Amino acid sequence: MRTWSLIRLFTLLVYLFMFTPIAIVVILSFNDAQFGGFPIEGFSLRWFYALAENDAIVRAFRTSLLLGLLAAIIATTLGILASLALMRYSVPATNFFNTLLISPVLIPETVLAVGLLLFMRWLDQPRSIVLLLAGHVLIALPFVVLVVQARLVGIRKVYEDAARSLGANPIQAFFQVTFPLLMPAVFAGLLFAFTISFDNITATLFWRPAGVETVPTQIFGMLRHSISPEINALGTVMIVITVGLPLLAGAIARAFARRRT
Amino acid sequence: MAKSKAAAVELKNVIKHFGEVQAVKGVDLTIDAGSFVTLLGPSGCGKTTILRMIAGLEHPTRGEIWINGRRIDDIPIHKRNLGLVFQNYALFPHKTIFDNVAFGLRYRDVPKAEIRKRVAEALEIVQLPGVEKRFPAQLSGGQQQRIALARAVVIEPDVLLLDEPLSALDANLREGMRVELKRIQRELGITTIFVTHDQAEALALSDKVVVMSNGKKEQEGAPDKVYNQPASRFVAEFLGNANLLPGRIESNGVKLQDGTLLPLRDAKGLPVGTEIDVVLRAERILLARQHPPEADALVVPGKVRALDYQGVAARYFVEALGTTLQVINPIDDLPFPEGAEVLLRIRAQDCVALGRA
């Protein structure tokens with residue numbers, strides 16, 4: 001009994017340690033006070049309104065959304081194609097290519113960031129939004145590949161064989177059978193890629209062209225001057241997006257699954 | 001039954017290598033239009049590889065495959081017009097039964113109204129009308145396999161290919177489906193190639209059984225022919241329960257190793273003095289306390305060593321002729337107990353001579 005209560009206490013402390021900072025950001029974002037800290041002076045949405053009126057933040061938000069969406073779509077497309085190639089066809093050195101695809105996860109982000117910059121320098125290319133996008137795709141790709149491959153293992157090739165035997169060519173078989181069955185992984189991959197791009201800061205600081213800010217770099221920049229309560233509000237918005245999206249997707253997936261059994 | 005004798009499927013010296021392994025070692029096969037042919041053999045004998053090559057899922061290393069006078073081994077699978085049924089049904093789990101069955105019709109420019117009509121007909125044939133709106137997961141295994149069959153036959157394929165379609169079903173269901181399968185095949189008159197390792201299925205369903213082992217054809221023929229006149233030791237041992245008795249051909253029978261002279265009707269042209277094996281099916285030996293005298297039959301004494309009670313019949317292990325024979329006899333009253341002294345009746349017509357290669 002004693003051990004269990006100790007474990008309970010520890011668990012509680014760990015969770016507190018993990019979530020208190022986040023909770024504080026959310027709570028303070030509704031604080032009416034002039035400065036971003038305690039004490040709470042009253043409930044207000046004024047910092048959220050202030051956010052919406054702050055051109056720099058709105059611009060950063062747009063950049064992040066666009067970047068996240070494009071990175072998600074590109075990384076997911078590439079990830080699906082790569083996974084299909086590696087798992088459905090006999091590619092020589094499958095393991096080698098697989099490791100290569102996953103490796104951006106293993107390499108420290110700073111190294112990856114500098115590496116890509118040097119590569120661009122060698123190609124005589126300036127830092128641009130395209131480079132930034134390519135970088136985000138690079139970082140997100142391993143996660144997509146992992147998710148898609150995990151799902152693809154469970155989709156037996158016999159479904160494709162059946163579709164082909166009934167007259168579907170390989171592309172039709174893919175879109176009629178494999179892709180719909182892969183949908184949960186596609187969704188998960190898109191979400192993963194979007195969230196990873198949306199809150200990436202380290203590599204983004206290296207890659208962004210002058211004058212381009214994403215939400216994280218914008219927050220980072222703002223923090224250098226002062227801790228404005230706007231940052232709390234911005235933090236809350238980011239939490240809602242990065243936590244809310246997957247939850248929503250999960251709910252949709254469950255609703256779909258229920259229809260079929 | 002009117003049956004045209006045209007060959008629907010022809011394999012000419014088909015060879016398939018998987019890396020170093022030779023899975024199919026030069027097989028010739030002719031399958032008549034409208035017939036039901038079974039490729040029977042243990043796992044790894046090459047039967048599934050042959051089916052997959054006909055289907056287009058594998059490409060033969062060498063040889064030719066012809067269907068209805070058209071060489072197809074270089075035609076991609078989706079242009080072959082074959083109906084395929086897999087062991088695990090392979091219904092598309094995200095599509096309704098209607099969309100599953102209609103799948104092949106959508107690639108054949110069939111108008112919508114006709115698709116509906118033909119799907120309904122196909123479901124009628126497999127005796128599952130009205131399930132169009134359900135999803136595969138809402139049906140039982142047996143029902144799913146019927147849908148898979150409907151999906152394969154609705155496109156009116158040139159050949160129906162069945163890859164162990166019954167082996168995922170439990171025993172009771174399997175027999176029901178076996179009867180169904182035969183009925184549907186007869187009704188549609190569709191040329192069918194069936195792959196199985198289950199001899200009961202093969203014997204019950206087929207017009208022709210092709211017994212395979214180790215990438216080669218062992219024997220082909222009508223089920224009763226293959227069963228009663230095995231052409232090789234492998235076929236004799238693979239089908240049913242056979243006793244193989246070594247002996248030497250004499251002018252009036254076969255001299256077994258213990259000196260007994262076994263009557264033999266057909267020495268298959270083998271000269272006197274040839275060492276052969278005599279195949280004697282377990283159910284062809286009759287056990288009794290006494291036998292009425294009979295021409296062309298041998299009665300020898302034996303002793304029941306063990307028995308295997310199977311309900312309608314019993315399998316006995318009887319010590320006789322200097323060896324232990326398997327005997328399967330129906331049970332009239334009580335099975336003979338262990339240790340019982342019995343007489344075995346062996347008829348000349350049941351002894352099949354098997355030359356040694």
Side-chain angles (χ1 to χ4, degrees), chain A residues 76 80 83-85 87-95 147-148 150-190 249-261, chain B residues 18-19 51-52 54-58 75-97 99-110 133-139 147-164 168:
Chain A
T76 307
I80 292 172
S83 304
L84 279 174
M87 295 185 65
R88 284 290 194 262
Y89 299 90
S90 49
V91 177
T94 304
N95 274 333
V147 178
V148 171
R151 175 86 188 170
L152 209 51
V153 169
I155 303 174
R156 290 176 301 128
K157 193 170 177 294
V158 72
Y159 292 127
E160 285 156 54
D161 292 345
R164 303 259 340 256
S165 78
L166 291 165
N169 67 33
I171 291 168
Q172 290 164 330
F174 173 75
F175 280 109
Q176 279 293 316
V177 177
T178 317
F179 190 67
L181 294 176
L182 204 55
M183 220 46 207
V186 174
F187 248 129
L190 282 172
I252 292 171
R254 270 194 300 283
F256 266 106
R258 208 172 303 129
R259 207 163 58 95
R260 269 184 221 141
T261 42
Chain B
F18 289 111
L51 190 87
R52 291 176 64 83
I54 298 171
L57 296 168
E58 303 285 353
I75 296 175
I77 168 171
H78 61 278
K79 290 182 183 156
R80 289 193 185 189
N81 195 37
L82 303 172
L84 221 62
V85 177
F86 301 88
Q87 184 173 346
N88 296 304
Y89 331 132
L91 295 181
F92 309 127
H94 59 295
K95 289 181 184 291
T96 60
I97 299 306
D99 286 333
N100 263 281
V101 178
F103 193 91
L105 296 176
R106 299 200 201 277
Y107 295 102
R108 284 171 171 75
D109 295 323
V110 181
K133 292 210 175 84
R134 299 214 222 152
F135 282 95
Q138 294 166 328
L139 301 181
I147 299 300
L149 197 58
R151 181 176 71 176
V153 298
V154 78
I155 60 172
E156 293 171 0
D158 295 335
V159 183
L160 181 62
L161 303 171
L162 309 168
D163 185 8
E164 309 228 2

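We name chains A, B, ... by the order of the sequence lines, and we start the count at 1 in each one. Atoms considered below: every heavy atom in the structure, side chains included; atoms not considered: hydrogens, waters and symmetry mates. If you're wondering where the values come from, they're calculated on a predicted model, not measured in any experiment.
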Test: B:Arg106 and B:Asp99 ion pair at under 4.0 Å
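Result for this pair is yes, salt bridge flagged.
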Which one of B:Lys79, B:Arg134, B:Arg151 has the most heavy-atom pairs closer than 4.5 Å to chain A?
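Maximum pair count with chain A is reached by B:Arg151.
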Specify which of B:Gly83, B:Ala90, B:Ala55 makes the most heavy-atom pairs with chain A at under 4.5 Å.
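Ranked by heavy-atom pairs under 4.5 Å with chain A, first place is B:Ala90.
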Validation: residues 153-160 of chain B side-chain donor-acceptor distances under 3.5 Å, sequence neighbours left out:
none

Tell me which donor-acceptor pairs under 3.5 Å the side chains of residues 152-159 of chain A have, and how far apart each pair is, sequence neighbours excluded?
{"unit_1": "A:Lys157", "atom_1": "NZ", "unit_2": "A:Asp161", "atom_2": "OD1", "d": "3.3"}

Is it the backbone or the side chain of [X] that comes under 4.5 Å from a heavy atom of chain A, or both, or neither?
{"X": "B:Asn81", "value": "neither"}
{"X": "B:Leu91", "value": "backbone"}
{"X": "B:Arg108", "value": "side chain"}

For a 4.5 angstrom cut-off between non-hydrogen side-chain atoms, does B:Phe18 reach B:Glu58?
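Counting from C-beta outward, B:Phe18 and B:Glu58 do come under 4.5 Å.
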With a 4.5 Å limit on heavy-atom distance, are the side chains of B:Thr96 and B:Lys133 in contact?
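A side-chain contact is absent here, since even the closest heavy-atom pair is not under 4.5 Å.
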Proximity breakdown for A:Ala163 and chain B, heavy-atom pairs closer than 4.5 Å:
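Its backbone and side chain both get close to chain B.
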